[in-house]
Amino acid sequence: MAFYDFLEIEKKWQKIWEEKNNFHGEDFSDKQKYYMLVMFPYPSGKLHMGHVRNYSIGDVIARFKRMQGYNVLHPIGFDAFGLPAENAAIKHGIPPKEWTVNNMEEMEKQLKALGISYDWDREVKTCMPDYYKWTQWMFLQMYKNGLAYKKKSFVNWCPSCQTVLANEQVVNGKCERCGTMVGKKNLEQWYFKITDYAERLLKDIERLKGWPEKVKVMQENWIGKSEGAQIDFKIEGRDEKISIFTTRPDTIFGVTYIVLAPEHPLVKELVKGTEYEKDVLEFVDKMQYLNEIARTSNETEKEGVFTGAYAINPVNNERVPIWIANYVLLDYGTGAVMAVPAHDERDFEFAKKYNLPIKIVISPNGDENIKLERAFTEEGIMINSGKFNGKSNKEAYEDIINYLEENNIGRRKVNYRLRDWLISRQRYWGAPIPIVYCEKCGEVPVKEEDLPVMLPEDVVFTGKGESPLKTSESFINTTCPKCGGKAIRETDTMDTFVCSSWYYLRYTDPHNDKEPFNFEKAKYWMAVDQYVGGVEHAILHLLYSRFFAKALYDFKISPVDEPFTNLLTQGMVLKDGAKMSKSKGNIVSPEEIIQNYGADTARLFILFAAPPERDLEWSDQGVEGCFRFLNRVWRLVDELAPKCKNSNKVNVNNLSKQDKEMRRITHYTVKKVTEDISQRFNFNTAISSIMELVNAMYQYKDLENPNYDVLSEAIEKMLLVLAPFVPHITEELWEKMGKQGSIHEQKWPDYDEKALQVEEIEIVVQINGKLRGKLVVPVNASKEEILDMAKNEPKIKALIEGKEIVKEIIVPGKLVNIVIK
RNA sequence: GCGGGCGUGGCGGAAUUGGCAGACGCACUAGACUUAGGAUCUAGCGCCUCGUGCGUGGGGGUUCAAGUCCCUCCGCCCGCACCA
């Protein structure tokens, strides 16, 4: 008997698949298309178990859909720009390109060793000029359409990565990549105007029926829509006004002070030359050095100072003091707030601390004599609010906005938390922003035909806060595309999330050198039918990609305005209850597992141990178990192949009871696996039902007279349904069975409804809802017959003897419940 | 605080519509084969006070019947968090 030599088998088939190139997605095929996408990896050097899980899930779906007759696009590539490459250059003197290319080669080998059915012809690498040329082209389209602009403002600065970060890349005040506390810097930077798309990004979440609720809620919160009013307050003795945003215009009569963010541009003006100047500027200074988290946590105590200036409440001309405080943020709303301590918890806390007046304008029941222990934020009746008194605050909300608009002192306003996407990075290893600065013409975009703006190689990596591109003479000096005069290049590169915001489109036409992709090809393949990846991209990559799709759709470049129809967020791979990490020393290397057990075992374990969305606890013994199962399959087919090779189609008219039962299990398994994969992606239960089939086959084959036609059918169907999970062993056994062609090019098996039917079924008999006996009855027995048989079952008969029967419930095919007193 | 998810044997997890709780796998126990076994096969395996018993985080409810529906409490994980 040949043993299961997984190393040999996997090598053999990987070579054949590569030569035959049979996982190719065909443009414009008549077959129905299916675009199966996994999030492409950063080329860190080695695959980790998270990758293995991601790609195994994707591969099962791709192979399954292919067998079901779809024209499947299943591509892979590398998100290849980014900091680690540059850090390697600083640390070890290896050029970023060399480091990245080596890593990609290594990871390609590992992906191939896993036997994932990628269309390798479509591989994209974002760091190559043939790709980043088009990333730069995308920038130019954004620029042309007014969605790319430059502005100076306080930005997030990671001192470790020595670059600015987008808001999305700051997690709990820390750098999303390296975990360092992020600071603030006032810099001139490039932005994409994602805020123009806030409403559409929000509204279209409704259309994402195939996305997890969790991700949709996260995006909704991130966009953070709130409705209210913008109201102008005059400043006493000045011409300027202060505009505030509020969601509670109904409380405007309760305003007792105004608060500006410390960085608000008016602050310095208001205090200039006054006795308050010193204190205020000191406070502003202090705030600037605080990081985001210390500044914005609601556990941080509220602090503020009076500016000495007053504003006038436009509805009642009351004079209210203007303060600055840490709890007001410059970049939300207008950076200024009207404070209504009676009806806002934060304002209440602040007013108590600094002894500011509290004026009640909404009362729970209309009563004016009420005392507040804390802010009253619920609904009520308007008081102390002039002509709005006596109305419900809900009604007053509308009336007051109308009043403000009529008198031109305020207007209805929708505000979003989402801010524009900061895309400049002061780093080398990214796509250069295609802009030059001309002495005469100023900021000028590079002409499309001059793309790509190539990354130079004569750079010095200092790791010191400025783009290394500044050290390249050959790069920096250029001529103006407009006037031909002397000009210098923009030295910042683009955030790598720009590269990954459109890669799914490039896969549809990866070798096009005339345009980023052909519209018709993209139209054929898009949208992505199933996207699989980690939930850590719930906001970052997934929101940016949605923005790109919409912007490109508006420019008539993309055929779709939502890129991903269905999204599966896989759980993490844990070891000893924690995420695998170097520092914890709980890493299991995919390479080692493949070496010791084979790729098929690795894939099988990872798919079997938990449903895909859930976290998965690594278990060496679990791997062992999966390896045992594959050996069981191997031995079974190895033993039976000679007897089954030349068998015929099953003659259904000539089957014993056991033959029928074997066939029933075979066909039921096909049904179950088909449903588990296609309806719910429950690979774990699909695999367990195949295990049950194999167990049943072991029993059956050792009977006195097994029917080899039945066994042959069972083996064939078992191998077919197992093929998407463990592609190598099934291919080898398919060949052993004397079958023609690759198992992966076979049609997904059907099941025969008739084979599923049984003549007798087991029925549960309950007394008062408790299990008291079992009964085998003909499948077509009537309710009366079933009840009769149940009552005559000796055990049941004894129990109901002499008791009054209150109720009898018969559920055909399931149970009988006799209720007695 | 708000939002989302989860809680089932020693462990990972099944139970699709309210209908036999614990499929499948791991671990464990006993046996067979064997020079040997960490291979393979067979059997057992929720708990206990062994009953007409108990049991899906706790308590209550609806129902002939609840892991599943309702109420309530507890615990854990994830996301957001002074957003005016």
Side-chain angles (χ1 to χ4, degrees), chain A residues 3 171-172 212-222 224-226 228 244-248 251 259 261 293 295-302 325-329 331-340 343-347 349-350 415-419 535-536 538-539 571-572 604-605 608-611 613-626 628-629 631-632 635 672 675-676 679-680 682 684-692 694-695 698 702 762-774 799 806-811 813-820:
Chain A
F3 79 110
V171 179
N172 287 329
E213 200 53 37
K214 180 182 169 162
V215 174
K216 292 195 277 188
V217 168
M218 281 168 75
Q219 291 213 353
E220 248 171 64
N221 291 341
W222 188 261
K225 180 178 184 174
S226 56
I244 61 92
F245 172 73
T246 181
T247 53
R248 295 295 305 275
T251 64
V259 194
I293 196 146
R295 173 67 195 284
T296 60
S297 160
N298 59 359
E299 277 148 37
T300 307
E301 189 167 349
K302 295 180 181 33
N326 59 349
Y327 76 94
V328 175
L329 309 171
D331 44 9
Y332 183 77
T334 60
V337 171
M338 66 175 210
V340 186
H343 306 291
D344 181 282
E345 282 163 31
R346 294 152 304 175
D347 298 342
E349 193 188 325
F350 192 80
N415 202 45
Y416 299 91
R417 220 178 65 115
L418 181 71
R419 287 158 221 171
V535 74
E536 65 274 14
I539 296 175
M572 287 187 295
L604 188 70
F605 168 71
F608 177 63
E613 327 74 53
R614 227 189 282 188
D615 286 348
L616 180 152
E617 174 69 27
W618 186 267
S619 155
D620 291 332
Q621 283 161 338
V623 174
E624 200 84 46
C626 287
R628 268 205 293 266
F629 170 69
N631 274 287
R632 245 167 101 73
R635 288 194 309 270
K672 168 89 175 145
E675 286 171 1
D676 280 353
Q679 291 171 13
R680 325 187 289 168
N682 279 7
N684 55 332
T685 51
I687 292 166
S688 76
S689 69
I690 301 172
M691 288 173 170
E692 286 177 87
V694 170
N695 291 344
Y698 264 92
D702 291 334
E762 195 183 60
I763 288 227
V764 169
V765 186
Q766 297 180 335
I767 307 256
N768 291 346
K770 306 250 173 183
L771 178 69
R772 288 292 177 258
K774 288 184 181 181
L799 283 161
V806 185
K807 202 166 181 179
E808 290 157 338
I809 293 123
I810 303 113
V811 184
K814 288 263 163 71
L815 56 70
V816 174
N817 187 11
I818 300 167
V819 185
I820 56 173

Next item on the list: Assign a letter to each nucleotide of nucleotides 41-53 of chain B from its 5' end: B, base within under 4.0 Å of a protein heavy atom; S, sugar-phosphate only; -, no contact.
Entry: SS---------SS

Next item on the list: Mind checking A/S226 for me? I need base, sugar-phosphate or nothing, with any heavy atom below 4.0 Å counting as a touch.
Entry: sugar-phosphate

Next item on the list: Check whether more than 12 heavy atoms from other residues, nucleotides or ligands sit under 6.0 Å from atom CD of A/E536, and answer yes or no.
Entry: yes

Next item on the list: Give a yes or no answer on whether the side chain of A/N326 reaches the backbone of A/E301 with a donor-acceptor pair at less than 3.5 Å.
Entry: yes

Check: Using a 3.5 Å cut-off on both pairing distances, which stems of three or more Watson-Crick or G-U pairs include RNA chain B?
Finding: B:1-7 with B:74-80, B:10-12 with B:24-26, B:28-32 with B:40-44, B:57-61 with B:69-73

Check: Just wondering, do A/N768 and A/I820 contact through their side chains at under 4.5 Å, heavy atoms?
Finding: yes

Next item on the list: Going by the side-chain contact (heavy atoms from CB on, under 4.5 Å) test, name the single residue among A/V765, A/I767, A/N817, A/V764 that passes it with A/R772.
Entry: A/I767

Next item on the list: Would you verify whether the NZ or CZ of A/K302 falls within 45 degrees of the ring axis of A/Y327 while also being under 6.0 Å from that six-membered ring's centre?
Entry: yes

Notebook entry, point to check: Where do A/N415 and A/S226 land on the side-chain hydrogen bond (donor to acceptor under 3.5 Å, both in side chains) test, with the steps shown first?
Noted result: CA-CA 5 Å; A/N415 202 45; A/S226 56; 4.9 Å; no

Notebook entry, point to check: Can you tell me how far C1' in B/G9 sits from the matching atom in B/C41, rounded to whole Å?
Noted result: 26 Å

Note to self: Syn or anti for B/G9? Use the chi torsion, O4'-C1'-N9-C4 for purines and O4'-C1'-N1-C2 for pyrimidines, with syn inside 90° of 0.
What the structure shows: syn

Notebook entry, point to check: Can you list the steps and then say if A/L616 with A/F605 is a side-chain contact (heavy atoms from CB on, under 4.5 Å)?
Noted result: CA-CA 10 Å; A/L616 180 152; A/F605 168 71; 4.1 Å; yes

Margin query: In this structure, how many angstroms lie between the C1' atom of B/A84 and the NZ atom of A/K302, rounded?
Written below: 11 Å

Next item on the list: Grab the two heavy atoms, one from A/N684 and one from A/P611, that are nearest each other, plus how far apart they are.
Entry: ND2-CD, 3.6 Å

Check: Stepwise, does the side-chain hydrogen bond (donor to acceptor under 3.5 Å, both in side chains) test hold for A/N695 with A/R632?
Finding: CA-CA 9 Å; A/N695 291 344; A/R632 245 167 101 73; 2.8 Å; yes

Notebook entry, point to check: Are A/D344 and A/R248 within salt-bridge range, i.e. N to O under 4.0 Å?
Noted result: no

Next item on the list: Using the C1' atoms only, state how far B/C78 lies from B/U42, rounded to an integer number of Å.
Entry: 46 Å

Check: Does any non-hydrogen side-chain atom of A/F608 lie less than 4.5 Å from one of A/M691?
Finding: yes

Check: On a whole-Å scale, what distance lies between the C1' atoms belonging to B/A15 and B/U49?
Finding: 30 Å

Next item on the list: Quickly work out the A/R248 CZ to B/A84 P distance and round it to whole Å.
Entry: 12 Å

N/O to N/O distances under 3.5 Å, protein versus nucleotides 27-30 of chain B:
{"residue": "B/A27", "atom": "OP2", "partner": "A/R628", "partner atom": "NH2", "Å": "3.1"}

Margin query: Taking the P atom in each of B/G59 and B/G67, what is the distance between them to the nearest angstrom?
Written below: 13 Å

Could you go over nucleotides 4-14 of chain B and give all protein N or O partners under 3.5 Å, atom names and distances?
{"residue": "B/G12", "atom": "O2'", "partner": "A/A609", "partner atom": "O", "Å": "2.7"}
{"residue": "B/G13", "atom": "O3'", "partner": "A/N684", "partner atom": "ND2", "Å": "3.4"}
{"residue": "B/A14", "atom": "OP1", "partner": "A/N684", "partner atom": "ND2", "Å": "3.2"}
{"residue": "B/A14", "atom": "OP2", "partner": "A/R614", "partner atom": "NH2", "Å": "3.4"}

Notebook entry, point to check: Given the C1' atoms of B/A30 and B/U35, what is the spacing between them in whole Å?
Noted result: 23 Å

Next item on the list: Can you tell me the distance, in whole Å, between the CG atom of A/L604 and the P atom of B/C24?
Entry: 16 Å

Check: Are side-chain heavy atoms of A/V816 and A/I809 found at a separation under 4.5 Å?
Finding: no

Item checked: A/K814 NZ - B/G18 P separation (whole Å) -> 11 Å

Note to self: Could you report the tightest heavy-atom contact between A/R417 and A/N221, atom names first, then the distance?
What the structure shows: NE-O, 3.4 Å

Item checked: Distance between C1' atoms of B/C28 and B/C64 (Å, rounded) -> 40 Å

Item checked: side-chain contact (heavy atoms from CB on, under 4.5 Å) between A/L604 and A/I687, worked out -> CA-CA 8 Å; A/L604 188 70; A/I687 292 166; 3.8 Å; yes

Checklist line | A/N631 or A/F245, whichever maps to the more 5' nucleotide of RNA chain B | finding: A/N631

Check: Quantified in whole Å, what is the C1' atom distance between nucleotide B/G1 and nucleotide B/G12?
Finding: 35 Å

Note to self: Between P on B/G79 and CZ on A/R417, what's the gap in Å once rounded to a whole number?
What the structure shows: 14 Å

Margin query: Restricting to ring pair (Phe, Tyr, Trp, His ring centres under 6.0 Å), what partner residues turn up for A/W222, sequence neighbours left out?
Written below: none

Item checked: Atom-to-atom span, CD of A/Q679 to C1' of B/U17 - whole angstrom -> 13 Å

Item checked: Atom-pair distance (CG on A/D676; C1' on B/A15), nearest Å -> 12 Å

Next item on the list: Compare the minimum distances between each of B/G19, B/A84, B/G25 and the side chain of A/M691, then state the nucleotide with the smallest one.
Entry: B/G25

Checklist line | A/E613 side chain vs A/G571 backbone, donor-acceptor pair below 3.5 Å | finding: no

Margin query: Mind checking if A/N695 touches a base, just sugar-phosphate, or nothing, with heavy atoms under 4.0 Å?
Written below: sugar-phosphate

Notebook entry, point to check: Using atom C1' of each nucleotide, how far apart are B/G22 and B/G44 to the nearest Å?
Noted result: 16 Å

Notebook entry, point to check: Just checking A/E808: base, sugar-phosphate only, or nothing, at a heavy-atom cut-off of under 4.0 Å?
Noted result: nothing

Next item on the list: Indicate, with a heavy-atom threshold strictly under 4.0 Å, whether A/G625 touches base, sugar-phosphate, or nothing.
Entry: sugar-phosphate

Check: Got A/K216 and A/Q219 here, is their nearest side-chain heavy-atom distance under 4.5 Å?
Finding: no

Listed pairs, N/O of protein and of nucleotides 60-66 of chain B, under 3.5 Å:
{"residue": "B/C64", "atom": "OP1", "partner": "A/K807", "partner atom": "NZ", "Å": "3.2"}
{"residue": "B/C64", "atom": "O2'", "partner": "A/N817", "partner atom": "ND2", "Å": "3.1"}
{"residue": "B/C64", "atom": "O2", "partner": "A/N817", "partner atom": "ND2", "Å": "2.6"}

Next item on the list: Determine yes or no for a side-chain-to-main-chain donor-acceptor pair under 3.5 angstrom, with A/D676 supplying the side chain and A/A686 the backbone.
Entry: yes

Next item on the list: Send over the distance from A/E349 CD to B/G1 P, rounded to a whole Å.
Entry: 15 Å

